[in-house]
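Encoded as structure tokens, the structure appears first; notes follow it.
We number each residue from 1, following the sequence as shown. Heavy-atom basis, side chains included; hydrogens, waters and symmetry copies ignored. Atoms within a ligand are numbered from 1 in the order they appear, just like the ligands themselves.
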Amino acid sequence: MELEEIRKEIDHCDRQLVALLEKRLRLVEDVVEYKQQKGMAIYQPHREQEVIGRVVRQVENKCYEKNIEEIYRGIMRASRRLQSKRLFPFNIVLLGFMGTGKTAIGKQLSALLEMELVDLDQLLEARMNMSINQIFEIYGEPYFRRLESELVKEISVGENIIISCGGGVILREDNIQNLKRKGRILWLRAQPETIYQRLQEDNTRPLLKGKVTISYINALLTERWPRYQAASDFSVDTDHGTIEEISDKIIQSLSRNKHKD
Ligand code: S3P
């Protein structure tokens with residue numbers, strides 16, 4: 001076959017593929033609507049595995065198995081992103097005291113929902129090329145809070161992202177106003193004893209340096225509690241359960257309450 005003829009065949013395949021992919025994506029949207037109406041779990045990783053397994057078994061020419069599997073993993077990711085966009089037409093903002101699981105849960109939600117995760121502290125550290133500890137030590141807390149607020153303002157205008165905030169973001173009202181513009185705020189809670197367990201060996205939090213005791217954590221948490229409460233649209237306890245279980249619970253409650261203001 002001449003090159004031009006081969007290319008024509010490829011164009012023809014692409015037209016068919018595009019039409020089928022469009023149909024597939026529409027069906028994926030129907031699935032999410034159905035599950036949402038019935039209150040069913042939206043993300044079912046075992047189902048994705050099943051689909052990929054079935055598709056790979058259907059491949060006739062075995063030397064293409066890996067290629068088709070790779071393409072299907074991409075299709076699955078694109079489908080998840082589409083579902084998330086439909087379910088959550090807003091940014092998901094993770095707020096909560098130090099040690100309540102914002103970073104770990106942020107990563108899990110980002111993987112499940114195929115939504116980009118922006119961790120404000122990590123971004124600040126990368127931009128300053130310094131740890132949070134160093135920023136506090138060298139420039140002091142008020143300077144850190146200023147940088148944090150500027151970053152909140154900048155990142156809050158993004159679309160369809162997960163924003164994981166440092167625990168002190170609620171200290172300034174303008175941060176909350178900025179985050180709420182395009183986001184829903186999810187408050188991750190934990191008991192002082194749980195936070196103590198998680199942070200007793202930690203030395204990355206300047207505010208807790210040399211003060212990691214249950215009573216100190218309790219005092220700081222009590223002081224901040226009303227602010228978290230007032231700022232949040234949703235809340236979840238993170239004392240018990242695995243990261244996966246807590247993340248599933250979050251997705252359920254966010255998708256049930258998507259119109260809540
Ligand atoms: C802080 C929490 C930290 C970090 C900084 C100050 C706070 O983030 O921003 O150490 O005031 O609660 P994490 O909540 O992610 O630990």
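Only the side chain of Arg224 comes within 4.0 Å of ligand 1, counting heavy atoms alone; its backbone N, CA, C and O stay farther away.
Of all atoms in ligand 1, listed by their number and element, those nearer than 4.0 Å to a heavy atom of Leu207 are 7 (C), 11 (O). Close approach of ligand 1 to Gly168 is summarised as follows: ligand atoms under 4.0 Å from at least one heavy atom of the residue are 1 (C), 7 (C), 11 (O), 12 (O). Distances below 4.0 Å separate heavy atoms of Lys102 from the following atoms of ligand 1: 13 (P), 14 (O), 15 (O). Interface atoms of ligand 1 facing Phe144, defined by a heavy-atom separation under 4.0 Å, are 9 (O).
For the 3.5 Å distance criterion, the side chains of Tyr228 and Ser235 fail to qualify, holding no donor opposite an acceptor. With no hydrogens or angles considered, a side-chain donor-acceptor pair links Arg172 and Ser149 at under 3.5 Å. Asn133 and Ser131 share no donor-acceptor pair across their side chains, judged by distance under 3.5 Å alone.
The single protein non-hydrogen atom nearest to atom 5 (C) of ligand 1 is Ile132 CG2, 3.8 Å, given as residue, atom name and distance. Ranking the protein heavy atoms by distance from atom 10 (O) of ligand 1 puts Pro206 CD, 3.4 Å first. Of all protein heavy atoms, the one lying nearest to atom 9 (O) of ligand 1 is Asp121 OD2, 2.7 Å. Taking atom 16 (O) of ligand 1 as the reference point, the nearest protein heavy-atom neighbour is Arg205 NE, 2.7 Å.
Clustering ILVMFWY residues whenever any of their side-chain heavy atoms sit less than 4.5 angstrom apart, transitively, puts Ile250 in a cluster other than the one holding Val93.
Nearest approach of Ser156 to Asn91, heavy atoms of both residues: O-ND2, 3.7 Å.
The heavy atom nearest to atom 11 (O) of ligand 1, out of those in Glu148, Arg145, Glu125, is found in Arg145.
No N or O atom of Thr204 sits closer than 3.5 Å to an N or O atom of ligand 1. Taking distance alone, with nitrogen or oxygen atoms compared against 3.5 Å, Gly167 approaches ligand 1 more closely than that limit.
Taking the side chain as every heavy atom from C-beta outward, Ile170 and Ile176 approach each other to under 4.5 Å.
The residues Glu4 and Lys8 are annotated as not salt-bridged, no charged nitrogen and carboxylate oxygen being separated by less than 4.0 angstrom.
Taking the centre and axis of the six-membered ring of Trp187, the NZ or CZ atom of Arg189 falls inside the cone set by 45° and 6.0 Å.
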